[in-house]
Protein chains: 2
Amino acid sequence: MLNQVNSKINPKKNLQKDEKNASLLQKNGSLSPENASDPRLPRYLQVRDDLLKRIVLRSWAADEALPSEEKLAAEYEIAVGTMRKVLDTLVNDGIVDRVRGRGTFVARAAERSSMLHFIRAKGTSRDALPVAEIRAMTTAIPPAAVAEKLKLKPRDKTLYLHRTRSFNDEIVLSEHIWLPLARFRKLQKYLKSNSPPFLYPIYESECDVLVSRAIDDLTAKPLNRANAAVFKLKTKTMAICVERLMLDHAGEPVEWRSSFVPAERFQYSAEVR
Amino acid sequence: MLNQVNSKINPKKNLQKDEKNASLLQKNGSLSPENASDPRLPRYLQVRDDLLKRIVLRSWAADEALPSEEKLAAEYEIAVGTMRKVLDTLVNDGIVDRVRGRGTFVARAAERSSMLHFIRAKGTSRDALPVAEIRAMTTAIPPAAVAEKLKLKPRDKTLYLHRTRSFNDEIVLSEHIWLPLARFRKLQKYLKSNSPPFLYPIYESECDVLVSRAIDDLTAKPLNRANAAVFKLKTKTMAICVERLMLDHAGEPVEWRSSFVPAERFQYSAEVR
DNA sequence: CAGTGGTCTAGACCACTCC
DNA sequence: GAGTGGTCTAGACCACTGA
């Protein structure tokens, strides 16, 4: 199902009408068994799910316009008004941007994810970003509490990462990350030869996992011995612990991480609605 | 303009078609000068603004249905589809709830404001809520930093509150609150004879101020002498400081507060999108 | 049963962008 | 000027609620 689709073919114009840009819904409007989202769902939600899949599978490059409302409506055999409703929901979720007179575009991951820099360290900014380093990567059956958060079955494995961020050679953040292995096998391979500054865009580009929502729980805790050693601080130094559960657009848990920042360096912003 | 409207008259049924339920837009569709939102705005936004004003002024009780889409559309002389778009935006902002077969209702403030309990203290819950106490209330010209956040002119006054929350006779939270006096005069009077558990619903009921969005900035700070005294803790005890700017639906700043929680008691949740 | 909101259609006219 | 999305209309049929 999750064949990689090479979007680099004809990235700009003169799109061939080939398989890669075809609706995953069958032409007659019913659903192929493999793509069966509940057919009792309203049409616009079925179309939304289908279109979202195509976006996640990179059917269109970031700077390439989707087909116009009219063309998409014709392709899915629905009215333009209904297609507009589909696109409106995608705009609302930050998946696409629409520009009058130009077209509809896949939103860039960097612009989409306000989640990238919610935890900051004092004295740092977008320009002076702490350097990420992965200090451990293994596959493992996670602690029960993590397995529960990720809705895993008892023996399901995870990809575990221990990552730090440093600023001026001083470690300012230490985090433990668990990812359901089933969806993140490609990430393991990727991280063996790459050190990306952010992980979320890699989840998307390597694993076709598009993160949509996060729930953060913050508490203050004294550092235990292991974490204190990472920071080269005394045990029991006060730190802030941010526990974050990430969900995809279907509400399925995608990542659980707990991040520690020594209290003096801690800074965090959130917009609440 | 902000006449109090008594919504207790005919709270259930048999609504008279009196002034209180009339559109604030003029019948011919143009705008009265006092209510002039920009007439170049699309019709659905003008209607939205008008309807929102009526909701804030409590033209309908919380358990009373608004007129149906059809009736509202007729009243504003727009198509039902456009009225639906208006109501959709209000649903999206959590202002109203729509129930198929029943009608459209003003959302309850308590359900609307997920902001009510984002900062918690360890060991507390909705059932065991810490008790709020207002320990100081004055009108004052705020510090420059606060005035800037609230977009006040140099000599604009604010209502200043110092409030604490206690749990089992132990103070777990101390907060300093600044409100633009112009919009909050009635609050001052109200708080002289009431001790509500939450302020936001009072902003709404007493001052017709409906809060829509908050931006929180969290940092860890050692307590200064004054704050340490409030908690009866040593100076320099580590605490978390949450600075919150609240905005109304128009994006105008409505409140600025800085809350302190001793680190050991600190707990905070946020949903990030 | 009448009345409500939820979905969907098939048009219209406009503002804006790019060629 | 051709093509895009933004607004708006005027219907239709449906699912659900409450009397």
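Per chain, numbering begins at 1; letters A, B, ... match sequence-line order. All heavy atoms count here, side chains included; hydrogens, waters and symmetry mates do not.
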Distance check: side-chain N/O of [X] vs OP1/OP2 of [N], anything under 4.0 Å?
X: Thr104(B); N: dG5(C); answer: yes
X: Lys85(A); N: dT7(C); answer: yes
X: Arg84(A); N: dG5(D); answer: no

Given atom [atom1] of [X] and atom [atom2] of [N], what is their separation to the nearest angstrom?
X: Asp88(B); N: dG6(C); atom1: CG; atom2: C1'; result: 10 Å
X: Leu66(A); N: dG5(D); atom1: CG; atom2: P; result: 9 Å
X: Glu64(B); N: dT4(C); atom1: CD; atom2: P; result: 14 Å
X: Arg98(A); N: dG3(D); atom1: CZ; atom2: P; result: 18 Å
X: Gln46(A); N: dT7(C); atom1: CD; atom2: C1'; result: 12 Å
X: Tyr76(B); N: dT9(D); atom1: OH; atom2: P; result: 14 Å
X: Met83(A); N: dT9(C); atom1: CE; atom2: P; result: 11 Å
X: Leu87(B); N: dT4(C); atom1: CG; atom2: P; result: 13 Å

**Asked** Looking at side-chain heavy atoms only, is the closest gap between Asp50(B) and Tyr76(B) below 4.5 Å?
**Response**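 Contact flag for Asp50(B)/Tyr76(B) side chains = yes.
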
**Request:** Could you tell me the separation between the OG1 atom of Thr89(A) and the CZ atom of Arg48(A), rounded to the nearest 0.5 Å?
**Result:** 4.0 Å

**Separation of Ile55(A) CD1 from His249(A) NE2 (nearest 0.5 Å)** =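 Those atoms lie 9.0 Å apart.
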
**Item:** Test applied, salt bridge (charged side-chain N to carboxylate O under 4.0 Å, His left out); reference residue, Arg183(A); option that passes from Asp208(A), Asp248(A), Asp156(A)
**Value:**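 Answer after filtering Asp208(A), Asp248(A), Asp156(A): Asp248(A).
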
**Prompt:** Base, sugar-phosphate alone, or nothing: which one does Ser68(B) contact when heavy atoms must sit under 4.0 Å apart?
**Reply:**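 Sugar-phosphate, no base atom in range.
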
Given [options], which nucleotide is nearest the side-chain atoms of [X]?
X: Tyr44(A); options: dG5(D), dT7(D), dC8(C); result: dC8(C)
X: Glu69(B); options: dG5(D), dT9(D), dG5(C); result: dG5(C)
X: Pro42(B); options: dG5(D), dT7(D), dC8(C); result: dT7(D)

**Asked** What's the shortest heavy-atom distance between Ala132(B) and Pro197(B), and which atoms?
**Response**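 Answer, listing the atom of Ala132(B) first, then Pro197(B): CB-O, 4.0 Å.
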
**Prompt:** Mind checking whether Trp178(A) and Trp256(A) have parallel, tilted or perpendicular rings, split at 30° and 60°?
**Reply:**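 Correct class here is tilted.
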
Atom pairs under 3.5 Å, N or O on each side, protein against nucleotides 10-16 of chain D: can you list them with distances?
| unit_1 | atom_1 | unit_2 | atom_2 | d |
| --- | --- | --- | --- | --- |
| dA15(D) | O4' | Arg100(B) | NH1 | 3.3 |

**Prompt:** Out of Asn194(B), Val209(B), Leu179(B), Leu181(B), which one pairs with Leu187(B) under the side chain to side chain contact (heavy atoms under 4.5 Å, CB included) rule?
**Reply:** Leu179(B)

